[in-house]
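Remarks on the structure that follows.
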Amino acid sequence: MAYSAKDIQVLEGLEAVRRRPGMYIGSTDARGLHHLVYEVVDNSVDEALAGRANEIAVTLMPGGRVRVRDNGSGIPVDKHPRVGRPAVEVVLTKLHAGGKFDSDAYKVSGGLHGVGVSIVNALSEHLKVEVRRNKRVWTQEYKHGRPLADLKRGGRTDETGTTIEWMPDPEIFETLDLDFDTLVQRFREMAILVANTRIDLRDERTGDRRTFYFEGGTQSFVKLLARRRTPLHPDPICIRGEVETTKIDISLQYCDAVSEQVLTFANTIRNISGGTHLTGFRTALTRTLNEYARKQGTLKDNDANLTGEDVREGLTAVISVMIPEPQFEGQTKHRLGNSEVAGHVQSVVNEQLSTFLHEHPSDARRIVEKTLLAARARIAAQKARDLVVRKGALDGMALPGKLADCQERDPDRCELFIVEGDSAGGNAKQGRDRRFQAVLPLRGKILNVEKARIDRVLSSEAIRNLITAVGAGVGDEVDLSKLRYGRVIVMTDADVDGSHIRTLLLTFFFRNLPELIDEGHLYIAQPPLFRVANSQRAIYAYSDDERDQALKQMSGKVAVQRYKGLGEMNADQLWDTTMNPESRHLLNVAVSDAEHADEVFRRLMGTDVAERRHFIFNHAHAVRNLDI
């Protein structure tokens with residue numbers, strides 16, 4: 001077929017955004033939906049950073065509609081000299097149009113690309129903007145990113161600011177259900193980092209409301225993050241400085257814990273993948289602690305240096321930088337790319353952390369002892385890994401004896417079911433499709449990895465079998481190119497023990513194989529809770545509501561069976577309800593808020609019994625399907 005100029009598509013205006021939304025907001029699922037809110041609020045935060053706003057109100061309305069209002073200066077409404085249309089319309093309809101390109105208008109901003117609010121407009125079924133500026137109220141409405149009419153001048157007002165209200169397009173987004181708690185976490189972070197700015201979040205769907213106001217700074221942020229951990233030194237170490245045009249605000253605190261919790265921000269924008277500011281911090285932290293330990297004689301001449309892994313164990317830190325022209329990787333701003341920032345952060349941390357260690361010798365001693373303990377555990381873990389590798393457990397050469405493998409060798413087509421016990425394992429092995437489904441039975445409950453270092457984790461036979469079957473390695477040695485199954489499916493009983501085993505497995509994957517979750521390979525099977533049957537047919541129900549609906553459809557003598565274990569089903573029933581790709585219910589495991597997930601695992605699976613009891617008491621009202 002001929003290929004000529006007429007075959008080239010030219011997408012005008014915001015049409016490209018609607019055609020490929022994932023390129024601009026990451027996805028069209030719940031994460032992308034929340035990203036729209038972040039984009040609009042980021043613009044209001046930029047007004048606060050410029051000293052022109054101190055109040056931001058976010059309202060969630062029924063049906064998915066959202067409104068964001070600030071008391072900033074308001075988007076300009078005069079005609080753009082080149083486009084000939086009001087500036088507010090240009091901002092809402094043109095990519096890469098905005099005040100963030102003018103360094104005189106915004107010295108520091110997060111929405112530097114000038115595409116955020118226009119993307120929100122493009123992906124909305126309807127959007128309305130109200131600007132309070134020049135003693136007047138100005139309004140304009142849009143549909144699918146296109147203006148419905150010209151900008152209208154309304155009545156007089158002494159207020160200033162911008163209000164944007166929009167309805168996400170249900171034809172683009174998989175869900176319109178914004179999560180209140182996710183937004184609470186995000187706006188709390190913003191309010192802490194932006195001094196003296198009030199952020200009000202109201203949910204008209206439920207009546208919930210939260211207001212955030214802080215004096216600002218990373219020190220209060222670290223105290224918030226570490227409030228449920230046991231600190232090794234009483235107050236966070238504060239590091240603040242300015243190198244050229246980079247303003248640096250870092251706080252860190254070591255705690256009696258194994259996991260690391262470090263959050264990074266650039267111009268208040270959360271960078272979940274870190275970037276150059278994180279690189280500079282890590283380099284300086286490792287170098288400074290090694291130099292101090294050697295000067296104090298804690299590390300001898302023939303001792304190996306502490307590694308980055310050693311010095312970050314138990315660390316809680318917040319890294320915030322403010323720079324005039326941040327370079328983010330992608331519109332979602334997950335990673336900071338400014339190369340000069342690494343050196344700026346490194347120099348400030350080197351100097352001020354070294355000063356702190358010398359001025360606080362008792363705190364310094366506890367920190368160094370913590371890192372040395374981590375180093376010994378790392379060496380023991382490496383020996384355990386080497387032992388496992390020598391036995392052929394991690395390289396796929398010696399698969400577990402209880403693993404019933406599948407015939408297919410293309411990982412993208414393969415599934416691994418992790419089941420509890422020999423009874424359920426036997427049913428799963430009989431009921432599966434041997435061509436692409438593998439089954440690994442586990443005996444009893446695996447080790448709670450939240451309470452164990454990696455050397456003890458690797459000494460567990462059940463966990464070694466699990467690592468071997470999955471094939472991608474563990475910890476720092478994970479390589480997803482060696483993954484043997486595209487879908488790893490946790491399939492446990494629908495009772496208390498089954499829920500506990502599922503939680504133990506999720507804890508293992510979250511702590512030791514997070515890449516499996518990040519790349520969407522981990523799933524949870526949903527076996528039915530009930531079988532509702534009469535003499536003619538049977539209906540499987542996955543909730544109390546479905547059971548009640550099934551009962552309404554039945555006539556005559558009806559029997560209701562409540563499943564508590566996979567072993568209560570025969571192989572055919574297990575296939576029909578839980579393993580058959582055409583009829584099963586699978587939940588894909590994802591982490592939308594890593595910090596919140598970290599806290600939940602630590603509270604539920606950690607060593608603090610009082611903390612766990614407190615959590616259970618506070619959430620007892622939300623328990624469903626209680627099995628006692």
Side-chain angles (χ1 to χ4, degrees), residues 185 188-189 191-193 195 212-241 248-265 278 281-282 284-299 306 308-321 345 348-377 450-451 453 595-596 598-599 601-603 606-615:
Q185 179 77 12
R188 181 188 290 119
E189 293 176 356
I192 292 174
L193 294 172
F212 307 104
Y213 179 88
F214 296 90
E215 294 300 326
T218 58
Q219 184 177 20
S220 56
F221 206 157
V222 167
K223 286 182 177 179
L224 180 68
L225 294 174
R227 67 191 182 281
R228 294 190 177 94
R229 298 187 174 194
T230 303
L232 298 184
H233 45 99
D235 296 310
I237 303 169
C238 297
I239 297 171
R240 294 188 175 95
I248 299 162
D249 180 5
I250 298 173
S251 293
L252 62 142
Q253 187 160 39
Y254 279 92
C255 302
D256 186 13
V258 175
S259 59
E260 167 196 2
Q261 190 176 22
V262 177
L263 277 61
T264 54
F265 299 85
L278 178 60
F281 171 76
R282 286 180 168 179
L285 182 69
T286 306
R287 176 181 298 173
T288 302
L289 285 174
N290 271 298
E291 289 178 352
Y292 180 81
R294 292 206 179 276
K295 286 180 180 179
Q296 298 300 313
T298 311
L299 279 180
L306 298 166
E309 179 184 349
D310 301 334
V311 303
R312 296 195 303 271
E313 183 179 287
L315 174 68
T316 298
V318 174
I319 304 165
S320 176
V321 298
V345 171
V348 171
V349 174
N350 275 334
E351 178 184 351
Q352 296 190 25
L353 180 57
S354 178
T355 300
F356 174 89
L357 295 173
H358 284 91
E359 291 180 353
H360 301 80
S362 58
D363 292 342
R365 185 183 66 255
R366 286 190 290 270
I367 292 172
V368 171
E369 287 174 352
K370 169 73 172 175
T371 63
L372 290 174
L373 183 62
R376 287 193 289 271
E450 189 69 17
K451 300 178 181 179
R453 293 182 183 275
E595 285 70 49
H596 182 63
D598 174 85
E599 180 178 342
F601 277 114
R602 181 178 50 77
R603 296 177 73 180
T607 57
D608 192 332
V609 177
E611 181 81 13
R612 183 157 50 251
R613 184 186 299 114
H614 180 72
F615 182 92

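Just so it is clear, the structure is predicted and the values come from calculations on it, not from any experiment.
Judged by distance alone, the side chain of Asp256 and the main-chain N or O of Thr230 form no donor-acceptor pair under 3.5 Å. Looking at Gln352, its side chain does come within 3.5 Å of a backbone N or O of Arg240 through a donor-acceptor pair. Between the side chain of Arg227 and the backbone N or O of Leu224, at least one donor-acceptor pair lies under 3.5 Å.
The line from CG of Leu232 to CD1 of Ile367 is 7.0 Å long, rounded to the nearest 0.5 Å. A distance of 10.0 Å separates CG in Leu315 from NZ in Lys370, rounded to the nearest 0.5 Å. Considering CG of Leu278 and OG1 of Thr264, their distance stands at 6.0 Å, rounded to 0.5 Å.
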(message) Does Ile239 form a side chain to side chain contact (heavy atoms under 4.5 Å, CB included) with Thr218? I'd like the steps, not just the answer.
(response) CA-CA 9 Å; Ile239 297 171; Thr218 58; over 6 Å; no
(request) Start with the C-alpha distance between Gln253 and Arg229, add both sets of side-chain angles, then the distance that settles side chain to side chain contact (heavy atoms under 4.5 Å, CB included), and finish with yes or no. (result) CA-CA 10 Å; Gln253 187 160 39; Arg229 298 187 174 194; over 6 Å; no
(request) Tell me, with the steps shown, if Arg312 and Val262 meet side chain to side chain contact (heavy atoms under 4.5 Å, CB included). (result) CA-CA 9 Å; Arg312 296 195 303 271; Val262 177; 5.5 Å; no
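Not counting sequence neighbours, the partners of Phe221 by the ring pair (Phe, Tyr, Trp, His ring centres under 6.0 Å) test are Phe265. Arg287 meets the side-chain contact (heavy atoms from CB on, under 4.5 Å) test with Thr283, Glu291, Gln346, Asn350; sequence neighbours excluded. Every side-chain contact (heavy atoms from CB on, under 4.5 Å) that Ala377 has, sequence neighbours left out, goes to Arg453. Thr286 is linked by a side-chain contact (heavy atoms from CB on, under 4.5 Å) to Asn290, Val311, counting only residues two or more places apart in sequence or in another chain. For Tyr254, there are no ring pair (Phe, Tyr, Trp, His ring centres under 6.0 Å) partners at least two apart in sequence or on another chain.
Here side-chain hydrogen bond (donor to acceptor under 3.5 Å, both in side chains) pairs that include residues 355-367, with residues two or more places apart or in two chains, are Asp363-Arg366.
Among the candidates Leu225, Thr316, Val318, Val222, the single residue satisfying the side chain to side chain contact (heavy atoms under 4.5 Å, CB included) test with Pro236 is Val222.
Between Leu285 and Leu252, the closest side-chain pair of non-hydrogen atoms falls below 4.5 Å. No side-chain heavy atom of Ile319 sits less than 4.5 Å from a side-chain heavy atom of Val349. Taking 4.5 Å as the limit, some side-chain heavy atom of Glu189 sits within range of a side-chain heavy atom of Leu263. When side chains are defined from C-beta on, Val345 counts as touching Ile250, because their heavy atoms get closer than 4.5 Å.
Within 6.0 Å of the CD atom in Gln296, the count of heavy atoms belonging to other residues, nucleotides or ligands exceeds 12.
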